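Chain naming here is simple, since letters A, B, ... match the order of the sequence lines and numbering starts at 1 in each. Being a predicted model, the structure only gives us computed values, none of them experimental. Heavy atoms only: backbone and side chains are in, while hydrogens, waters and symmetry mates are out.
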Number of protein chains: 2
Amino acid sequence: MNLRQLITLCEVVDQGLKLSAAALTLHRSQPSITRQIQELEEELGAKIFLRKRNRILELTPHGREILASARRIVTELRNIRSASDDLAETAHGNFTVATTHTQARYTLPRVIRQFKGEYPNVHLSLRQATPVQCCELVARGAVDIAICTETRDALDEVIQIPCYRLNRSVVVPPAHPLLKVKPLTIEAIARYPVITYDEGFSGRWVLDRAFARRGLEPNVVLSAIDADVSKAYVEMGIGIAILATVAFDATRDAGLRTIDAGHLFAPSTLSVVARRNSYLRAYMLSFIGMFAPKLTRAAIGKALAGQPPGAPRKLPEL
Amino acid sequence: MNLRQLITLCEVVDQGLKLSAAALTLHRSQPSITRQIQELEEELGAKIFLRKRNRILELTPHGREILASARRIVTELRNIRSASDDLAETAHGNFTVATTHTQARYTLPRVIRQFKGEYPNVHLSLRQATPVQCCELVARGAVDIAICTETRDALDEVIQIPCYRLNRSVVVPPAHPLLKVKPLTIEAIARYPVITYDEGFSGRWVLDRAFARRGLEPNVVLSAIDADVSKAYVEMGIGIAILATVAFDATRDAGLRTIDAGHLFAPSTLSVVARRNSYLRAYMLSFIGMFAPKLTRAAIGKALAGQPPGAPRKLPEL
DNA sequence: CACCGTTACGGTATCCGTAAGGATT
DNA sequence: AATCCTTACGGATACCGTAACGGTG
């Protein structure tokens, strides 16, 4: 058995069971990939993939077990590399963060500016995705960490460290009738067409639940991943938007008005997501510290080791 | 980086930082081992071992980190192999159990006889050690499982699954005055020279504590790993023995008498010890089931995944 | 025909073992 | 002297990439 075989296996699965796609991302020829998998199957004496006429359909149950172990091995490999690079004080390196649009656009710019100043030689890339996708990316090691709202059905390969509470606001055009409704109620909102987050975002889930509890259903005329798109449509008079409060910028959004709706919708939890047992390089820990100052290196280390950070104290609002 | 390098690293450490010893157990030449380590250090750009003039002294802090990851990788490797062998229904295989003398001699023979009957082609080996050593052997993967009394300071690489309560008895020659002391007390025992387990065994620890709580100290004239040795010395009139109740066999030990001391000494817990996240082959699970029938495959799987088996019910007495 | 995976073949690179060297106890 | 690690060198093995082949939609 061979490390390359295991890495190959992981990549093939990540590429949707496509040998040719894996060959590209691994910078290897296709036949090489075929062989790696074949030799692995031969050595283990069992098929990993279900094939039909030279076409790979899915993993066998046994293949899934092997994959799980292979992923853990690949993670540990990265850990060894990261730890060594850290020790050598390699100032350069890569750092990939998965996050949702709202965080990328409104929360992270400050953090990223600071990070770029302190670590100019680290290549930072952002990858935009839904919270569920974020967790998957972390789980397979495609990104180093994710910053997103917590998902209910978390994979147990990842650890979510809660950082902030996230409240909602209603964004409306100036002089909208809702601005005079005090206090704001779900029933009042239900009278207007709504623009909000897409399925799969916790924002949407929280909204649907708050309406359902009143026996109502929101009249969602448009769902967007992107808070900016939502706001643009509010300006056009298509409807009102229910967004994270952070997604409203008083100066930039001077053409809009906002109404706090923290009392109507359950707050979401904004977390840092990392793979369990992963070694985070010093600059990654530093990044997390810039994002959430209470997450010191020690606190993150403890959380990664598996234990939740003691008493779940009240989180600060973002 | 290479699997062989990581396996080599683990073995070198297990052999007490001796390259030559590792070469023997890995069936490789010494220069090969040297190169593996050198190449690993070179690739990572950091020393793993602290050397002094061609002599390896210890691991560097960084080396310890790498070792920890390497061990996890080697474990997962074994998991992959075991799972594959299981699937192929390979009836043969190896199985190494670490245990203490008392269990090897009095508890396990029944289990082993049954196991040998059902799996004649599995090569089973027992390895005798103290409970602490047992856990270490499991932790570094030198044995598949251990069966021993629980140790207080358990390594977090291993999981201990409690199975039985273990009580003590006092073993005396026939017509010994203690036979007439009813109920038996610590104070009464303290009047006689005692033979019992060596340091490092939970039996010894429990005994010392029971005496200390009364402000007494046992007059230990001989400490042995081996209950049979202890009993032999009792027969010779050297002293009385305080042993696990299971270590007394009424027929074989007809020349001795036993007094239950369950009310004087805290019971120990006899557990199965396995490495966390390890894949145990079907026949190993079967063995554990023969030893402790309540440990079904599902129960063991749950315990290995990391969670203790719910409410710690009262354990059966052995 | 385009796409995907498998098989065949030649060249390079890796890695092993033997042999020899330097250092320590 | 014995033990231990390192360096040097020749040979076998493994692995990669190019090229050609067989199925599939």
Side-chain angles (χ1 to χ4, degrees), chain A residues 1-60 62-63 66-67 70 73-74 77 80-81, chain B residues 1-60 62-63 66-67 70 73-74 77 80-81:
Chain A
M1 211 174 333
N2 199 323
L3 271 183
R4 198 163 292 153
Q5 293 165 347
L6 301 176
I7 293 171
T8 303
L9 170 61
C10 291
E11 189 61 28
V12 168
V13 175
D14 288 345
Q15 294 295 329
L17 304 181
K18 297 256 179 286
L19 298 198
S20 42
L24 286 177
T25 59
L26 292 173
H27 308 293
R28 210 91 60 59
S29 67
Q30 278 164 359
S32 173
I33 308 299
T34 298
R35 264 194 312 268
Q36 301 290 351
I37 301 295
Q38 280 177 338
E39 282 169 11
L40 190 57
E41 288 182 325
E42 192 177 349
E43 179 173 348
L44 299 180
K47 291 291 173 198
I48 295 174
F49 293 121
L50 274 178
R51 295 172 174 79
K52 188 185 168 187
R53 298 276 193 179
N54 282 2
R55 199 66 44 121
I56 293 175
L57 296 178
E58 54 173 337
L59 281 161
T60 61
H62 182 233
I66 294 176
L67 176 68
I73 287 176
V74 171
L77 261 190
I80 291 176
R81 289 230 173 76
Chain B
M1 209 171 338
N2 200 325
L3 270 183
R4 198 164 290 154
Q5 293 166 348
L6 300 176
I7 293 170
T8 303
L9 170 60
C10 291
E11 190 60 29
V12 168
V13 175
D14 288 345
Q15 294 295 331
L17 303 180
K18 297 258 179 286
L19 299 198
S20 41
L24 286 177
T25 59
L26 292 173
H27 308 292
R28 226 70 69 64
S29 67
Q30 279 164 358
S32 172
I33 308 299
T34 298
R35 264 193 314 266
Q36 302 289 352
I37 301 294
Q38 279 177 339
E39 283 169 10
L40 191 58
E41 288 182 323
E42 193 176 347
E43 179 174 348
L44 299 179
K47 291 292 174 197
I48 294 173
F49 294 120
L50 274 178
R51 295 172 174 80
K52 187 185 169 187
R53 300 274 195 176
N54 282 4
R55 200 69 41 128
I56 292 174
L57 297 177
E58 54 174 338
L59 281 161
T60 61
H62 181 233
I66 294 175
L67 176 68
I73 287 176
V74 171
L77 261 190
I80 291 176
R81 287 229 173 77

**Report entry** side-chain N/O B:Asn2 vs C:dT14 OP1/OP2, d < 4.0 Å
**Finding:**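 For B:Asn2, the contact criterion (side-chain N or O under 4.0 Å from OP1 or OP2 of C:dT14) is not met.
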Query - Distance test, side-chain N/O of A:Ser32 to OP1/OP2 of D:dC15, below 4.0 Å - result: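 No, no such contact exists.
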**Report entry** Side-chain donor/acceptor of B:Glu41 to backbone N/O of B:Ile48, under 3.5 Å
**Finding:**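 Pair found, side chain donor or acceptor close to backbone of B:Ile48.
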Query raised in the report: With no hydrogens and no angle check, is any side-chain donor or acceptor of A:Gln15 less than 3.5 Å from a backbone partner on A:Ala22?
Result: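 Here the side-chain-to-backbone pair does not exist.
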With sugar-phosphate meaning primed atoms plus P, OP1 and OP2, does [X] contact a base, only sugar-phosphate, or nothing at under 4.0 Å between heavy atoms?
X: B:Lys18; answer: sugar-phosphate
X: B:Ser29; answer: base
X: A:Leu17; answer: sugar-phosphate
X: A:Thr34; answer: base

Report task. Quick one: closest heavy-atom pair of A:Ile37 and A:Leu9, and the distance? Result ->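 Taking A:Ile37 first and A:Leu9 second, the nearest heavy atoms are CD1-CA, 4.1 Å.
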Query raised in the report: What are the two closest non-hydrogen atoms of B:Leu50 and B:Thr60, and how far apart are they?
Result: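 Shortest heavy-atom contact: CG-CG2, 3.9 Å.
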To the nearest angstrom, how far is [X] atom [atom1] from [N] atom [atom2]?
X: B:Ile56; N: D:dT6; atom1: CD1; atom2: C1'; answer: 11 Å
X: A:Gln30; N: D:dA20; atom1: CD; atom2: P; answer: 16 Å
X: A:Arg28; N: C:dT6; atom1: CZ; atom2: P; answer: 15 Å
X: B:Gln15; N: D:dC5; atom1: CD; atom2: C1'; answer: 16 Å
X: A:Arg53; N: D:dG25; atom1: CZ; atom2: C1'; answer: 14 Å
X: B:Glu41; N: D:dC5; atom1: CD; atom2: C1'; answer: 13 Å
X: A:Leu40; N: D:dA14; atom1: CG; atom2: P; answer: 16 Å
X: A:Glu39; N: D:dA14; atom1: CD; atom2: P; answer: 9 Å

Which one, [options], comes nearest to the side chain of [X]?
X: A:Arg4; options: D:dT24, D:dC15, D:dC4; answer: D:dC15
X: A:Arg51; options: D:dC4, D:dG17, C:dT6; answer: C:dT6
X: A:Gln36; options: C:dC16, D:dT3, D:dC15; answer: D:dC15
X: A:Gln38; options: C:dT6, D:dC16, D:dC15; answer: C:dT6
X: B:Asn54; options: D:dT24, C:dT7, D:dC5; answer: D:dC5
X: B:Pro31; options: D:dT7, C:dG17, D:dC5; answer: D:dT7

Query raised in the report: DNA chain D: A:Lys52 or B:Ser20, which has the more 5' nearest nucleotide?
Result: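 Closer to the 5' end of DNA chain D: B:Ser20.
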Query raised in the report: Which sits closer to the 5' end of DNA chain D, A:Gln5 or A:Arg55, going by the nucleotide each is nearest to?
Result: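 Nearest nucleotide further toward 5': that of A:Gln5.
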Report task. For the pair A:Arg28 and A:Glu11, find out whether any cationic side-chain nitrogen is under 4.0 Å from an anionic carboxylate oxygen. Result ->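 The answer is no: the pair does not qualify as a salt bridge.
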**Report entry** base_contact_polar (D:dG17 base, A:Arg35 side chain, donor-acceptor, <3.5 Å)
**Finding:**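 Yes, a donor-acceptor pair under 3.5 Å.
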Query - side-chain contact (heavy atoms from CB on, under 4.5 Å) partner of A:Arg4, the single match among A:Thr8, A:Leu6, A:Ile7 - result: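 Single pass found, and it is A:Thr8.
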